[in-house]
Structure formats: C-alpha cells, structure tokens
K.L.:
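Input: one structure, supplied below.
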2 protein chains.
Amino acid sequence: MPQRAPNEPRMDDKLDLTFQALADPTRRAILSMLLEDDMAVTDVAEPFEMSLAAISKHLTILTRAGLISQEKRGRVKWCKLEPGAMKAASVWMQGFGQFEPVNLDAFETYLETLLGAEGEERETQG
Amino acid sequence: MPQRAPNEPRMDDKLDLTFQALADPTRRAILSMLLEDDMAVTDVAEPFEMSLAAISKHLTILTRAGLISQEKRGRVKWCKLEPGAMKAASVWMQGFGQFEPVNLDAFETYLETLLGAEGEERETQG
DNA sequence: CTCATATTCAACCGTTCGGTTGACGATGCC
DNA sequence: GGCATCGTCAACCGAACGGTTGAATATGAG
C-alpha cells in the first residue's frame, strides 16, 4: 500500500505539476526530443525560436514535475527523460478509462505522426 | 486513418486544452464526480467552497477540452463525462511509455484511494 | 402573471505564465 | 591569466488564470 512520507508532496499536487507541465507544446516537444536521446540544455534550445533563458525555464518546470532530470557534468547540464511522473499521470487517467486497457491500433500511426510533427511545427508558429 | 478536417483544431492544440484542463485539482475532482454519474451544474458545484459561477467556468473549460459534454434539458444542464479526450491524451503519453502497456495491479487500489479522497480534501484546503 | 430556480455574462482583481533582455557565475580551453 | 561557452538569475512585460460579485437570461411552478 503506497503511503506518503510526512513531508512528501501529496499526489494531487504532483498531478498538478505534471499536467501543467504537459500543457505547453514547447515542453511536450522537448520531451519528444529527449525520447530519442539525452541532451544538453543548449542543444535542447537549438531548434526553438526562443531565448535560451526561456528554454531553461521550461526545463526547470519539467524537472519540478519530475518528467525529466538534469545532471551537470563539467559545464554542460544533461537532460534526461524520467518516465515515472508520466506513468503516474497515465495511471491516474486510466481510472477514467471506461475505455479498454489502452490497446493502440489505428491510433498508433496517428501518434507517431504527432510525435514527429510536434518539434518541427514550432518553427512555423512564431 | 485519422485525418483532420481543414478547420478542425490541430491535435497539438487539443492536447494543450486537455492537459491544461487536467492541471487543476478542482477540475479533476469534478471529473471524478462525473465518473459516478451525470450531474447538473448546481449539483456539481455543491461540494465546493467556491461560487457557482466559478464552477460554471471550470465546466466550460472541461467542455472546451472535450473531457465532458453538457446538454441542456429543461432548465438544468447535465454534465457528462466524455472519455475520448482523455483517451487521446493517454495514448499520447503511452508514446513515452518505455513503461509496459499499463497494467494496473497494486496501483489500482492506490488510484481508487485518490479518486475517493480528491473531492473530499477540497473542503479542508481553504 | 409572478416568482423561484438554474445557469451564464460582464466586469473586476490579484497571481501565475511564457516570454524578453542584460548581467552574472562556472567551467573549459589556449 | 584571459577568453569563450554553458546556463541561470533578476527584472520586467503583456496575456491568461482562477476567483469574486452583481446583473441578466432562460425555464419551470403556482
């Protein structure tokens, strides 16, 4: 039976952070990028048309949400996907799933298209 | 093969709306309530310590996100859970799932506890 | 018709969000 | 040491958020 330590944030709060982090297309695009490989902050920022500082903030938000972790090695900070938080949110959503235990199918190709398209489309959005 | 009609909002935008809608604990609590049964706006509002207008706004946001639908019958407007949007978001998240195809297990009771606790805890939060 | 109920609208308010810019602290390279 | 690079900090900005209140708009009931 899962039980919170006294000062650990409530699950409810964690879901706030997770969903709020996922609610931004730039951040979702970043997650997609990290799906392929760990990346340095500068490299994460490169494809976007916004300042490095802005990306740095996004990464902070993703870290706070537990969706990624950041580890400084030398002068570069590496960003790594952390699937745990997303899984927790996913499980929460399953609670609403009258929909069957998530078998992709036709949806699968749909998904892949989106994952591919998301990062690229930022370019054309201003 | 899923294919957008010309003016239909992009999937990316839909995910924005869905995750943003899910990022608020009041709205998640509302969804939990609707899991048990369809409800009128006034009845949805009853357990919360905020104005009816505020709840009405939350319901609008949930509707825009496609997470619920609202149907007016007589003078009351009935709110109904719509699992489609949540499923879409869930599927999107599965794309990040190195984690296995979501079999609940020990997690299941965890979840139920949370679903139960969420609505009630609002009372004590001010 | 009159009154009560159900719900939204409109204006307002303080806070948070997503972005910018410029300065700054660390770190690696020559 | 001196310089470039990596990344964050701080202050600022406009827009969106989450809430309030009071008035307005259906609709149903007597």
Side-chain angles (χ1 to χ4, degrees), chain A residues 12-13 15-31 33-34 38-65 67-80 118 121-126, chain B residues 9 12-13 15-31 33-34 38-65 67-80 118 121-123 125-126:
Chain A
D12 207 37
D13 301 336
L15 287 177
D16 281 12
L17 291 177
T18 306
F19 285 128
Q20 188 251 342
L22 290 175
D24 183 277
T26 301
R27 289 192 291 262
R28 288 199 307 278
I30 291 174
L31 291 173
M33 293 165 59
L34 292 177
D38 299 359
M39 297 178 78
V41 173
T42 307
D43 296 332
V44 169
E46 196 269 333
F48 298 96
E49 281 175 349
M50 69 182 73
S51 70
L52 183 60
I55 296 293
S56 179
K57 282 191 193 177
H58 280 306
L59 291 171
T60 301
I61 289 171
L62 288 169
T63 302
R64 244 186 30 195
L67 289 162
I68 68 170
S69 60
Q70 294 182 280
E71 182 196 357
K72 190 164 182 180
R73 275 206 300 273
R75 71 177 157 173
V76 355
K77 205 167 185 176
W78 292 90
C79 305
K80 180 174 182 297
E118 199 151 66
E121 291 185 4
R122 303 298 305 157
E123 312 276 17
T124 70
Q125 279 185 24
Chain B
D12 207 36
D13 301 335
L15 287 176
D16 282 11
L17 291 177
T18 305
F19 285 127
Q20 188 253 343
L22 290 174
D24 183 277
T26 301
R27 287 191 292 262
R28 288 199 306 278
I30 291 175
L31 291 174
M33 293 166 58
L34 292 177
D38 299 1
M39 296 178 79
V41 173
T42 306
D43 295 332
V44 169
E46 196 271 333
F48 298 97
E49 280 175 349
M50 70 183 71
S51 69
L52 184 60
I55 296 294
S56 179
K57 281 191 192 177
H58 280 306
L59 291 171
T60 301
I61 289 170
L62 288 170
T63 302
R64 245 185 32 197
L67 289 162
I68 68 170
S69 60
Q70 293 181 283
E71 182 197 357
K72 191 165 182 180
R73 275 205 301 275
R75 70 181 157 173
V76 344
K77 206 167 184 177
W78 292 90
C79 305
K80 179 175 184 294
E118 199 151 69
E121 290 185 4
R122 304 300 305 154
E123 313 278 19
Q125 277 184 29

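This structure is a prediction, so every number in the text was calculated from the model and none was measured. The figures that follow rest on heavy atoms only: side chains count, while hydrogens, waters and symmetry mates do not. Note on naming: letters A, B, ... go to the chains in the order of the sequence lines (proteins, then strands), and numbering restarts at 1 for each one.
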K.L.:
Looking at B:Arg75, I'd like to know whether one of its side-chain N or O atoms comes within less than 4.0 Å of OP1 or OP2 on D:dA29.
P.N.:
no
K.L.:
Using the rule given for side chain to side chain contact (heavy atoms under 4.5 Å, CB included), can you reason through A:Gln70 versus A:Val41, listing the C-alpha separation, both sets of side-chain angles and the distance that settles it, and then say yes or no?
P.N.:
CA-CA 9 Å; A:Gln70 294 182 280; A:Val41 173; 4.0 Å; yes
K.L.:
Could you work out which one of D:dG22, C:dG18, C:dG19 sits closest to the side chain of B:Ala53?
P.N.:
D:dG22
K.L.:
What's the CG-C1' distance between B:Leu52 and D:dA23, to the nearest Å?
P.N.:
14 Å
K.L.:
Choose from D:dT8, C:dT20, C:dT8 the nucleotide whose nearest atom is closest to any side-chain atom of A:Val41.
P.N.:
D:dT8
K.L.:
Using a cut-off of less than 4.0 Å, is there contact between a side-chain N or O of B:Ser56 and OP1 or OP2 of C:dT8?
P.N.:
yes
K.L.:
Contact class for A:Arg73 vs. all strands (heavy atom < 4.0 Å): base, sugar-phosphate, or nothing?
P.N.:
nothing
K.L.:
Rounded to the nearest angstrom, tell me the gap between atom CD1 in A:Ile55 and atom C1' in C:dG19.
P.N.:
11 Å
K.L.:
Nearest whole angstrom, please: distance from the P of D:dC17 to the CD of A:Gln20.
P.N.:
12 Å
K.L.:
Write down the distance between CD1 (A:Ile68) and C1' (D:dG7), rounded to a whole number of angstrom.
P.N.:
13 Å
K.L.:
Roughly how many Å is it from CE in B:Met50 to P in D:dG18, rounded to a whole number?
P.N.:
10 Å
K.L.:
So which nucleotide from D:dT8, C:dG19, C:dT7 ends up closest to the side chain of A:Gln70?
P.N.:
D:dT8
K.L.:
In whole angstrom, give the distance that lies between atom CD1 of A:Ile61 and atom C1' of C:dG19.
P.N.:
11 Å
K.L.:
Does OP1 or OP2 of D:dT27 have a side-chain N or O of B:Lys77 closer than 4.0 Å?
P.N.:
no
K.L.:
Kindly say whether B:Leu22 contributes a backbone atom to a donor-acceptor pair with the side chain of B:Arg28 at under 3.5 angstrom?
P.N.:
yes
K.L.:
Could you check which of C:dG18, D:dG19, D:dG7 has an atom nearest any side-chain atom of B:Ala54?
P.N.:
D:dG19
K.L.:
Using the side-chain heavy atoms of A:Thr42, tell me which of these nucleotides is nearest: D:dG7, D:dT20, C:dA6.
P.N.:
D:dG7
K.L.:
What is the distance, to the nearest angstrom, from the CG atom on A:Leu62 to the C1' atom on D:dT8?
P.N.:
16 Å
K.L.:
Are B:Ser51 and D:dG19 close enough that a side-chain N or O sits under 4.0 Å from OP1 or OP2?
P.N.:
no
K.L.:
Between atom NZ of A:Lys57 and atom CE of A:Met50, what is the distance when rounded to the nearest 0.5 Å?
P.N.:
11.5 Å
K.L.:
Atom CG of A:Asp24 and atom C1' of D:dA16: how far apart are they, to the nearest Å?
P.N.:
13 Å
K.L.:
Supply the atom-to-atom distance B:His58 NE2 to B:Phe48 CZ, rounded to the nearest 0.5 angstrom.
P.N.:
8.0 Å
K.L.:
How do A:Lys72 and A:Lys57 order along DNA chain C: which one's closest nucleotide is nearer the 5' end?
P.N.:
A:Lys57
K.L.:
Could you walk me through whether A:Val76 and A:Thr42 pass the side chain to side chain contact (heavy atoms under 4.5 Å, CB included) check?
P.N.:
CA-CA 8 Å; A:Val76 355; A:Thr42 307; over 6 Å; no
